[in-house]
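Naming convention: chains lettered A, B, ... in sequence-line order (proteins, then strands); numbering from 1 in each chain. Given the structure is predicted, the values throughout are model-derived calculations rather than measurements.
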Amino acid sequence: MEKYTINHLRELEAESIFVLREVAAQFENPVMLFSGGKDSIVMFHLARKAFFPARVPFPLMHIDTGHNFDETIKFRDELAESTGTRLIVKYVQDSIDSGRAVEEKGPNASRNMLQTVTLLDAIEEEKFDCAMGGGRRDEEKARAKERFFSHRDDFGQWDPKNQRPELWNLFNGKKNVGEHFRVFPISNWTEMDVWQYILLENIEMPSLYYTHEREVFQRDGVWLAKAPFMELKPGEKVEKRKVRCRTIGDITCTGLTLSAADSLEDIIQEVAISRVTERGGRADDKRSEAAMEDRKKEGYF
Amino acid sequence: MSGKESGYLDMELLRFTTAGSVDDGKSTLIGRLLYDSKAIFEDQMEAIERASVGKGGEEVNLALLTDGLRAEREQGITIDVAYRYFATPKRKFIIADTPGHVQYTRNMVTGASTANAAVILVDARNGVIEQTRRHAYIAALLQIPHVIVCVNKMDLVDFDQERFEEIKADFSKVADRLGNKDVHYLPISAKLGDNVVEKSKNTDWYNGPTFIGLLENIPIEHDEDLSDPRFPVQYVIRPHAEKYHDYRGYAGRVAGGVFKVGQEVAVFPSGMKSKIAAIDFGGEEQQEAFPPQSVTIRLEDDIDISRGSMISDAKNQPQQGQEIELMVSWLSETPMALRKKYMLQHTSNEARCMVTEVIHKVNINTLEEITDDKSVGLNDIAKIRIKTTKPLFFDSYKRNRNTGSLILIDEATNNTVGAGMII
Ligand SMILES: Nc1nc2c(ncn2[C@@H]2O[C@H](COP(=O)(O)OP(=O)(O)O)[C@@H](O)[C@H]2O)c(=O)[nH]1
Ligand SMILES: [Mg+2]
């Protein structure tokens, strides 16, 4: 008899595609959050497979802090263009200008937290009833408790101690007017799975993920990119290094890895032997033991 | 499949859930697994070291790896299901770590619903207690294909073989009665690492595999129902492009059996017959599809199919009916109400239903049937009968976990309040 089994990547793929199709079927106006990082890129790739040969039946939305790597924006625009997908961009700067969000000050200032304001406003404005994100449970301990279908009250808040039980593959997307869902189609993927899948499917990635020479400086043991809006602290000095990104987010809090990896195979090797989780490089998570839990409760990605 | 799908891109995926009473060592065991399989990254380690010291602890507390929410760390307990991941060169593992206390039965049921294996911890000093029976019961109720009984804290009973054999005999009596499938027994010390990843020098009387060895080698290829072809339609794909003008594909995940191009199928609720014209996946055609693949099926005939329809083999068809008996695990603080209307989700189908009878409740500690008290509240398990507003197309849960499971939703709160397993 033939062996009817599939490997771990194909099983994860099948699960994510199932979730994406549930979203399209259960919600009236879903949106896919797109940061330009590897997790969003993989999530979007899965969406394209899920609905092929039809187009992806929902738009992409980027919550833009204005503090980007140029490569991210270029990649984002080209991807939306080439796949015929509607792209919505919402700017944190607009939230600041309208007084909805207040800019942090000082050398550690980051617009990462402010994204929540812009995101929740956008969800309300565009009347989205579901926002899909590329969050993974292995990223961080608060995320480890997250559901695939995660209910948000009308303030956009997450109540981790009072989550709906999620059984089998039966996803309950029922809600009242004004509430919405966050859905995480790649919940069960690890960083390693993501890279292996990118290799398997030969998915095009922004050049930032591969080694390149860049002006960087070190802060609290983390390498950050030099950028016009980054204030240096006394003692910090800019130098040229060969680096690559392990995650891509706001430039002010995306830690870079010293690396010579210039192929997917190299990256996978690097991930395999890495002793630091990818978020170890994210200054936003270092703020406190429960930093992510607190941000998520308020409505962060 | 491409040539790349070999080597490290080609591992199996095993999902397991952990159950044990409070302090039996679940979190420690999982921490140990992650630690010893070198999956604990350095920064997570540093965060734990900080937190352990903060709590006045001396050694690194491995349990802090899994207890992620602030309230959990503060109270030193696990409240919610936490998902953890690790891999060996052979398999990738997804762990649903669930709290063991009675009040969290619903979490255990949640973790068990998708598991290939249940890991049940028993404290070697306490042996098989009420809670152990409850965990065995849930594993049997949820039809988890494999059960691994870890007799933990063997270091506290001097790695005594007799004690291990005694517990093993006690548990097998329970398992025989409940019908637990494929039960394995291991003497371990989660804290010290004996028989977790490395074979213990303290148990030379034990010749079985280590915990990790067992997880890596349990055969899982028969965990899915490969006999009954079932395909619940999730979504209809109709591209608005000239090139695909006549394309009409039914997107879904195979819930059972093997579908092949050319196969004669029946479609429910209409009962109409057709043949499979093609099986598509992401731009490529494949000759067959089986669980748990997500594919798109095209049929030779244009028949009325929408979300909630079920495609099955023409001869091997699901049962259908509106009066259904099931075991229910109640998940809500608000007790179940007779004759009240609930929403029901079963595969991709939705209906409304009413509980017409509570046949009996189960005392999950003694495993006795309760017939004199029929109130069903949080964490209760009961056999009930429901009546639905339209027919469901199902199999018994014992036969197929995908087409035999359903959830009940409270219409007022939209909360998932019941997990049902069709008898
Ligand atoms: N001596 C000994 N202690 C253990 C062992 N496993 C766990 N413990 C201890 O038992 C206590 C409870 O463990 P924990 O993992 O939090 O239990 P949980 O409630 O099942 O998650 C902790 O103090 C552990 O250090 C073991 O194998 N031997
Ligand atoms: Mg615990």
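Side-chain contact between A:Arg137 and B:Ile94 is absent, with no heavy atoms from C-beta onward closer than 4.5 Å. Put simply, the side chain of B:Phe93 does not reach to within 4.5 Å of the side chain of A:His8, judged on heavy atoms. Using a 4.5 Å heavy-atom threshold, the side chains of A:Asn7 and B:Glu12 count as separate. At least one side-chain heavy atom of B:Glu350 sits less than 4.5 Å from a side-chain heavy atom of A:Lys174.
Here A:Tyr197 pairs with A:His45, A:Trp189 under the ring-ring contact (aromatic ring centres under 6.0 Å, His included) rule; sequence neighbours left out. Not counting sequence neighbours, A:Phe18 has no partner by the ring-ring contact (aromatic ring centres under 6.0 Å, His included) test.
Contacts between B:Ile220 and chain A at a heavy-atom distance below 4.5 Å are absent for every atom of the residue. The contact between A:Asn176 and chain B is made by backbone and side chain atoms together, counting heavy-atom distances below 4.5 Å. Interface remark: B:Arg15 contributes side-chain atoms only to the contact with chain A (heavy atom separation under 4.5 Å). Using a 4.5 Å cut-off between heavy atoms, B:His346 touches chain A through its backbone atoms (N, CA, C, O) alone. Contacts between A:Arg48 and chain B at a heavy-atom distance below 4.5 Å are absent for every atom of the residue. Residue contact with chain A, scored on non-hydrogen atoms closer than 4.5 Å, is absent for B:Asp280. There is no contact between A:Ser16 and chain B, counting heavy-atom distances below 4.5 Å. With a 4.5 angstrom heavy-atom cutoff, B:Thr413 touches chain A only via backbone atoms. In this structure, the portions of A:Glu15 lying under 4.5 Å from any heavy atom of chain B include both its backbone and its side chain. Interface residue B:Ile407: backbone and side-chain heavy atoms are both found under 4.5 Å from chain A. Heavy atoms of B:Ala251 lying under 4.5 Å from chain A belong to its backbone as well as its side chain.
Most heavy-atom pairs under 4.5 Å with chain A, from the set B:His240, B:Arg91, B:Arg238, B:Arg307: that is B:Arg307. Between chain B and the options A:Pro53, A:Ala50, A:Ala54, heavy-atom pairs under 4.5 Å are most frequent for A:Pro53. Counting heavy-atom pairs closer than 4.5 Å to chain A, the top-ranked of the candidates B:Arg253, B:Lys243, B:Met343 is B:Arg253. Ranked by non-hydrogen atom pairs under 4.5 Å with chain B, the options A:Leu170, A:Leu46, A:Ile17, A:Asp193 are led by A:Leu170. Listed options B:Ser332, B:Gly283, B:Pro291 were ranked by heavy-atom pairs under 4.5 angstrom with chain A; first place goes to B:Gly283. In terms of heavy-atom pairs under 4.5 Å with chain A, the best-connected choice from B:Ile237, B:Thr296, B:Thr114 is B:Ile237.
Under a 3.5 Å cut-off, the side chain of B:Ser113 and the backbone N or O of A:Trp168 do form a donor-acceptor pair. Looking only at distances, a side-chain donor or acceptor of A:Arg164 sits under 3.5 Å from a matching main-chain atom of B:Asn414.
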Determine whether A:Leu167 and B:Ser405 satisfy the following criterion, side-chain contact (heavy atoms from CB on, under 4.5 Å), listing intermediate values before the conclusion.
CA-CA 9 Å; A:Leu167 299 109; B:Ser405 54; over 6 Å; no

Decide yes or no on side-chain contact (heavy atoms from CB on, under 4.5 Å) for A:Glu166 and B:Thr416, but give the supporting numbers first.
CA-CA 8 Å; A:Glu166 204 160 73; B:Thr416 305; over 6 Å; no

For side-chain contact (heavy atoms from CB on, under 4.5 Å), just list the numbers for B:Phe290 and A:Thr5, CA-CA rounded to whole Å, side-chain angles, deciding distance to a tenth of an Å, and then say yes or no.
CA-CA 8 Å; B:Phe290 52 88; A:Thr5 54; 5.6 Å; no

Would A:Tyr4 and B:Glu221 count as a side-chain contact (heavy atoms from CB on, under 4.5 Å) here? Give the steps.
CA-CA 7 Å; A:Tyr4 287 111; B:Glu221 64 263 24; over 6 Å; no

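Residues from residues 21-31 of chain A that place a non-hydrogen atom less than 4.5 Å from a non-hydrogen atom of chain B comprise A:Arg21, A:Glu22, A:Ala24, A:Ala25, A:Gln26, given in numerical order.
Heavy-atom contacts from other residues, nucleotides or ligands closer than 6.0 Å to CD of A:Glu204 number 12 or fewer. Within a 6.0 Å radius of CZ in A:Arg55, other residues, nucleotides and ligands contribute 12 heavy atoms or fewer.
Among residues at least two apart or in separate chains, salt bridge (Lys or Arg N to Asp or Glu O under 4.0 Å) pairs with a member in residues 406-415 of chain B are B:Lys340-B:Asp410, B:Arg352-B:Glu411.
For A:Phe51 and B:Tyr235, the gap between ring centers is short of 6.0 Å.
In this structure, CD on A:Glu139 lies 11.0 Å from OH on B:Tyr85, to the nearest 0.5 angstrom. For the atom pair CD1 (A:Ile6) and CG (B:Leu13), the distance works out to 9.0 Å, reported to the nearest 0.5 Å. B:Ser294 OG to A:Glu11 CD: the interatomic distance, rounded to the nearest 0.5 Å, is 10.5 Å.
Residues B:Tyr83 and A:Asp138 bring no donor and acceptor atom of their side chains to less than 3.5 Å of each other.
Each of B:Val109, B:Leu331, B:Val81, B:Val417 was compared with A:Pro165 under the side-chain contact (heavy atoms from CB on, under 4.5 Å) criterion, and only B:Leu331 meets it.
In terms of heavy atoms, A:Asn169 sits closest to B:Asn402 at ND2-OD1, 4.1 Å. Shortest non-hydrogen contact noted between A:Ala14 and B:Pro292 is CB-O, 3.2 Å. The shortest heavy-atom contact between A:Phe52 and B:Tyr247 is O-OH, 4.3 Å.
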